[in-house]
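Please read the structure below before turning to the comments.
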Amino acid sequence: MSQLTSSKKSFSAAILNWYDAHARELPWRSRPGEHADPYHVWLSEIMLQQTTVVTVGPYFNKFLTFWPTIHDMADAPLDDILTAWAGLGYYARARNLHKCAITISREFDGKFPKDRDELLSLPGVGPYTAAAISAIAFDRAEVVVDGNIERIISRLYRIDTPLPAAKKEITAFASELTPKSRAGDYAQALMDIGATICTPRTPSCAACPVSRFCAARRVGDMERFPVKAPKKVKPTRRAVVFWLERPDGFVLLRRREEKGLLGGMMEFPSTEWREEEIAVEAAMKRFFSDELQMRADGVTEKSLVRHTFTHFHLELRPVVITIGALDAAVIPRGQWVKPENFSSFALPTLMTKVVRAVVKGQG
DNA sequence: TAGACGTGGCC
DNA sequence: TGGCCAAGTCT
């Protein structure tokens, strides 16, 4: 048994003492002594998945303004949720958020289950989020393991197994260390420490309340942990994206498929995103009939839009086409929108980059 | 198990 | 500039 495991009570005590003195004040966090609202805890935890506290803050406040209760959110159209979520990324979270709100509102009388395993059955709620809600909102002694806690544990024990294979091992150590009382505060404390002290690069060990327990600190190789599997190279995909503009200034948007990348979000029509280079002329021929090309009053190329997703790079070449005479047969289905009203549509950041390239770009 | 799934900030 | 990283989940 390691030195740390045999002194786990003084470890969790040090963590909780640190939290009482240094806890960050966050919009979704209850005041000391008060009970956290499960709706707020759930909403924040979904938003915080792979997303920083700074980014989430304004979105969290906006969502609570629009939908003060989970019943309000359940009654809203999905498109409103997606529009409010636009820019946050990982849009499956928004779709699952809406599904989950409907389930809780209509099948659970608006009350979240307290049990980890029941929470786990909700859409968008995985092992981390289920444990976090159960511990933070209901003070259950659940073992919460997020990326911060993985990093802390892997340094405490100098775990050489690369992630994600090390997950099980890390969870076992985390389980030994988690206190039976105040497990929610303990989890939030570790996440605060991970975000502000036990950072990926140049951790501030001098400020850490548990540095005396840390094996990596003793050796001085903190930054080697957590060990991670090597990344794979991202391919680059390319396409021509069309800004189709009518004489009255309306521009065509269309909705993407419900599932998959940017599922349910709005977009400007484009050729398929492929690794092969595609010339504008070829893209025009592939996308439209020759007839439309003859009717287009003007065709203007704009500056390249670069965007990187989790698993590939994307290069979009915007082409502005002013359409003199509409031909329903060659224009894709969609919604004609004035650019000044784009903000009321569910446009992902990629598409706002296209807007910027077209409106402000020099071409 | 491994890949899909966004975005913005940092170095 | 480009890769890494952030309170993961789903398939």
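All of these numbers come straight from a predicted model, not from anything done at the bench. Chain letters run A, B, ... following the sequence lines, proteins first, then strands; residues in each count from 1.
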Which atoms form the tightest heavy-atom contact between A:Trp85 and A:Tyr90, and what is the distance?
NE1-O, 4.0 Å

Taking any heavy-atom pair under 4.0 Å as a contact, classify A:Pro123: base, sugar-phosphate, or nothing.
sugar-phosphate

Give one of base, sugar-phosphate or nothing for A:Val53, where a contact means two heavy atoms less than 4.0 Å apart.
base

Test applied, ring-ring contact (aromatic ring centres under 6.0 Å, His included); reference residue, A:Phe11; option that passes from A:Tyr157, A:Trp18, A:Phe213
A:Phe213

Base, sugar-phosphate, or nothing: which does A:Ile149 touch, judged by heavy atoms less than 4.0 Å apart?
nothing

Partners meeting ring pair (Phe, Tyr, Trp, His ring centres under 6.0 Å) with A:His313 (sequence neighbours left out)
none

Which residue pairs pass the side chain to side chain donor-acceptor pair (under 3.5 Å) test with at least one member in residues 53-65 of chain A, sequence neighbours excluded?
A:Thr52-A:Thr55

Between B:dT7 atom C1' and A:Phe309 atom CZ, what is the distance in whole Å?
10 Å

Remember a base hit wins even if backbone is also touched, and classify A:Thr310 as base, sugar-phosphate or nothing at under 4.0 Å, heavy atoms.
base

Do A:Asp80 and A:Thr83 pair up side chain to side chain, a donor and an acceptor below 3.5 Å, judged on atom types alone?
no

Please state how far atom NZ in A:Lys232 lies from atom C1' in B:dT1, giving the value in whole angstrom units.
10 Å

Provide, to the nearest angstrom, the distance between the CG atom belonging to A:Leu262 and the P atom belonging to B:dC5.
9 Å

Excluding sequence neighbours, so at least two apart, what forms side chain to side chain contact (heavy atoms under 4.5 Å, CB included) with A:Ala36?
A:Ser30, A:Val41

What interatomic distance, in whole Å, is found between P of C:dT9 and the corresponding atom of B:dG8?
22 Å

DNA chain C contacts among residues 93-106 of chain A, heavy-atom distance under 4.0 Å
none

Between N or O atoms, less than 3.5 Å apart, protein on one side and nucleotides 3-6 of chain C on the other: list the pairs.
from  : atom 1 : to       : atom 2 : distance (Å)
C:dA6 : OP1    : A:Arg151 : NH1    : 2.3

Contact residues, residues 57-66 of chain A to DNA chain C [heavy atom, < 4.0 Å]:
none

Report the C-alpha distance between A:Leu316 and A:Phe268 in whole Å, list the side-chain angles of each, state the deciding distance to 0.1 Å, and finish with yes or no for side-chain contact (heavy atoms from CB on, under 4.5 Å).
CA-CA 11 Å; A:Leu316 290 183; A:Phe268 298 102; over 6 Å; no

Do A:Glu315 and A:Thr236 get their side chains close enough for a donor-acceptor pair, meaning under 3.5 Å?
no

Would you classify A:Gly263 as touching base, sugar-phosphate or nothing, given that sugar-phosphate means primed atoms plus P, OP1 and OP2, and contacts are heavy atoms under 4.0 Å?
nothing

Can you tell me which residue pairs pass the salt bridge (Lys or Arg N to Asp or Glu O under 4.0 Å) test with a partner in residues 28-43 of chain A, sequence neighbours excluded?
A:Arg29-A:Asp192

Using the side chain to side chain donor-acceptor pair (under 3.5 Å) criterion, which residues pair with A:Glu150? Sequence neighbours excluded.
A:Lys167

Over all strands shown, is A:Gly87 touching base, sugar-phosphate only, or nothing at heavy-atom distances under 4.0 angstrom?
sugar-phosphate

Assess the side chains of A:Tyr128 and A:Glu45: does a donor N or O sit below 3.5 Å from an acceptor N or O?
yes

Base, sugar-phosphate or nothing for A:Thr308? Non-hydrogen atoms, less than 4.0 Å.
base

In whole Å, measure the gap between the P atoms of B:dG6 and C:dT1 for me.
25 Å

Under 4.0 Å from any atom of DNA chain C, heavy atoms only: list the residues of residues 14-29 of chain A that qualify, in numerical order.
A:Arg24, A:Leu26, A:Trp28, A:Arg29

Report the residue (A:Ala165 or A:Ala92) whose heavy-atom-nearest nucleotide on DNA chain B is the more 5′ of the two.
A:Ala165

Partners of A:Asp160 by side chain to side chain contact (heavy atoms under 4.5 Å, CB included), sequence neighbours excluded?
A:Arg224, A:Phe225

Under the side chain to side chain contact (heavy atoms under 4.5 Å, CB included) test, which residues partner A:Ala174, sequence neighbours left out?
A:Val143, A:Val145, A:Ile153

Listed pairs under 3.5 Å, donor-acceptor, residues 20-27 of chain A side chains, sequence neighbours left out:
from    : atom 1 : to       : atom 2 : distance (Å)
A:Asp20 : OD1    : A:Arg182 : NH2    : 2.8
A:Asp20 : OD2    : A:Arg182 : NH1    : 3.3

Rounded to the nearest angstrom, tell me the gap between atom CG in A:Leu119 and atom P in C:dT9.
12 Å

Interatomic distance where CD belongs to A:Glu258 and P belongs to C:dT11 [whole Å]:
15 Å

In whole angstroms, the gap separating C1' of C:dG8 from OH of A:Tyr128 amounts to 9 Å

Check whether any side-chain nitrogen or oxygen of A:His307 sits under 4.0 Å from OP1 or OP2 of B:dT7, and answer yes or no.
yes

